[in-house]
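Working notes for the structure below.
Indexing begins at 1, ligand by ligand and atom by atom, following the structure's order. No experiment lies behind these values; they were computed from the predicted model shown.
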Amino acid sequence: MLRSTLLAASRSPRSRKLIEQLPPTRAIVNRFVAGETLVDGVSVTRDLVATGRRITLDHLGEDTSDATQAAATAEAYEKLLAALSESGLADRAEVSVKLSAVGQFLPQDGEKVALDNARRICEAAAAVGTTVTLDMEDHTTTDSTLGIARDLRADFPWLGVVLQAYLHRTEADCREFSGPGSRVRLCKGAYQEPASVAFQKKSDVDLSYVRCLKVLMAGEGYPMIASHDPRLIRIAGELAASNGRAADSFEYQMLYGIRPEEQERLTAEGNTMRVYLPYGNEWYGYFMRRLAERPANLTFFLRALATKS
Ligand SMILES: Cc1cc2nc3c(=O)[nH]c(=O)nc-3n(C[C@H](O)[C@H](O)[C@H](O)COP(=O)(O)OP(=O)(O)OC[C@H]3O[C@@H](n4cnc5c(N)ncnc54)[C@H](O)[C@@H]3O)c2cc1C
């Protein structure tokens, strides 16, 4: 119930206006976001890389309804990739892109605009020797996003895709995307989805995650285990071992600011651990999804509000 309310608020312009104006919001947002500027993103990347972690940077933004803004987002990624290269970080840091931020929802030729902008970003990544992963948004975008990923993979076979274990379709998608070299980030899924397309109970989502993991770990691709769930992390390690996978043939991924000690533990054990690091001023939707995932985050937020007011 609370989760649904927060996820509905994450797409409400009225709630956005209200929350953005609250005085302590910024301090709490900083727990999950590197900062507002490219310099902030690169600086936190440098600090995390120094601890042995890898990074995937997200230039915050989603649901763009304006072609100029979509092109500006592609340009922001080009600048980011150039900055990573100039700072000597491109071999440790890649980028994550939401297709809705580069035009997927535009009423005219949205998919084509998103494909062209994503191609620009892939070309810039290839030029500096790093990779791109396409984030996955709500289920109405899955076919379109996977279609664009298939097109891009013809030229950029290293392009990563995200599959969400809460969707009924995902085990089958894992089979399609588990071929040689295929980079797949498996997450539980962060959006509000109807029972017609998605498992509703946490235990059913977790079981689906394990079924998907089995397919990916037995496949010939490169699984990216995006979860903070201790049980799933343990199962992923066991499946990697039982499938004879070397430590460099899969990786763990977590969000910036969440379970940092576990990130360090997995790194110290010789695993590849990649942190998803958002930066920019369009943090509202991302922040609300993080509140929805964990009631304790909301309590922390409300307590901070009460103290400051
Ligand atoms: C690298 C990465 C990329 C992602 N990309 C996408 C994407 O493209 N599309 C998409 O739909 N979703 C994405 N997600 C989000 C994902 O779908 C989940 O919503 C999120 O990871 C929470 O699920 P969980 O597997 O951590 O398990 P949960 O069962 O939600 O959490 C397990 C434990 O992790 C900790 N935890 C989890 N979330 C939080 C939080 N917000 N704050 C504090 N502690 C927390 C808690 O200790 C919790 O008990 C991504 C997640 C990661 C890690």
Give the single entry among [options] that approaches [atom] most closely by any heavy atom.
atom	options	value
atom 34 (O) of ligand 1	His228, Glu137, Gln253	His228
atom 15 (C) of ligand 1	Arg185, Lys202, Gln164, Arg290	Arg290
atom 40 (C) of ligand 1	Asp135, Ile258, Ile233	Ile258
atom 14 (N) of ligand 1	Cys187, Ala296, Pro230, Gly189	Cys187
atom 53 (C) of ligand 1	Glu293, Met254, Met224	Met254

Going by distance alone, is a donor N or O of one side chain under 3.5 Å from an acceptor N or O of the other, for [X] and [Y]?
X	Y	value
Thr45	Arg92	no
Ser10	Gln192	no
Asp40	Ser43	no
Ser144	Gln104	yes

Show which atoms of ligand 1 fall inside a sub-4.0 Å distance from at least one heavy-atom site of [X].
X	result
Val162	7 (C), 8 (O)
Ala226	1 (C), 2 (C), 52 (C), 53 (C)
Tyr276	1 (C), 3 (C)

Q: Verify, without hydrogens or angle tests, whether Arg183 (side chain) and Trp158 (backbone) share a donor-acceptor contact under 3.5 angstrom.
A: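 A pair under 3.5 Å: yes.
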Q | Expected output: side-chain Tyr209 to main-chain Leu186 donor-acceptor under 3.5 Å | A |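 Yes, the answer is positive, given that a donor and an acceptor are paired below the 3.5 Å cut-off.
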(Q) With the threshold set at under 4.0 angstrom, would you say Arg289 reaches ligand 1 through any of its heavy atoms? (A)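 Judged by the 4.0 Å heavy-atom criterion, Arg289 does not count as contacting ligand 1.
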Q: Let me see the working for Leu38 and His59 under side-chain contact (heavy atoms from CB on, under 4.5 Å), right down to the final yes or no.
A: CA-CA 8 Å; Leu38 183 153; His59 173 77; over 6 Å; no
Counting non-hydrogen protein atoms only, what is the nearest one to [atom]? Give residue, atom name and distance.
atom	value
atom 44 (N) of ligand 1	Arg294 CD, 3.0 Å
atom 8 (O) of ligand 1	Met136 N, 3.0 Å
atom 24 (P) of ligand 1	Ser227 OG, 3.7 Å
atom 51 (C) of ligand 1	Leu255 CD2, 3.7 Å
atom 42 (N) of ligand 1	Asn297 ND2, 2.7 Å

Q.
Among Val132, Leu81, Thr133, Ile55, exactly one meets side-chain contact (heavy atoms from CB on, under 4.5 Å) together with Glu94. Which residue is that?
A.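 Result: among Val132, Leu81, Thr133, Ile55, Thr133 is the only option passing the side-chain contact (heavy atoms from CB on, under 4.5 Å) with Glu94.
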[atom] within contact range, any protein heavy atom under 4.0 Å:
atom	answer
atom 48 (C) of ligand 1	no
atom 12 (N) of ligand 1	yes
atom 31 (O) of ligand 1	no

Check whether [X] and [Y] end up in the same hydrophobic cluster, where Ile, Leu, Val, Met, Phe, Trp and Tyr are linked by side-chain heavy atoms less than 4.5 Å apart.
X	Y	value
Val33	Leu84	no
Leu99	Met136	no
Val162	Phe250	yes

Q. Taking the inter-plane angle between the rings of Phe199 and His168 on a 0 to 90° scale, is it parallel (under 30°), tilted (30 to 60°) or perpendicular (over 60°)?
A.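 The arrangement is perpendicular - the two ring planes meet at more than 60°.
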Q. Would you say Tyr191 has any N or O atom under 3.5 Å from an N or O of ligand 1, going by distance alone?
A.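 By distance alone, the answer is no.
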Q. Any N/O of Lys188 closer than 3.5 Å to an N/O of ligand 1?
A.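 Indeed, backbone or side chain, Lys188 has an N or O that close.
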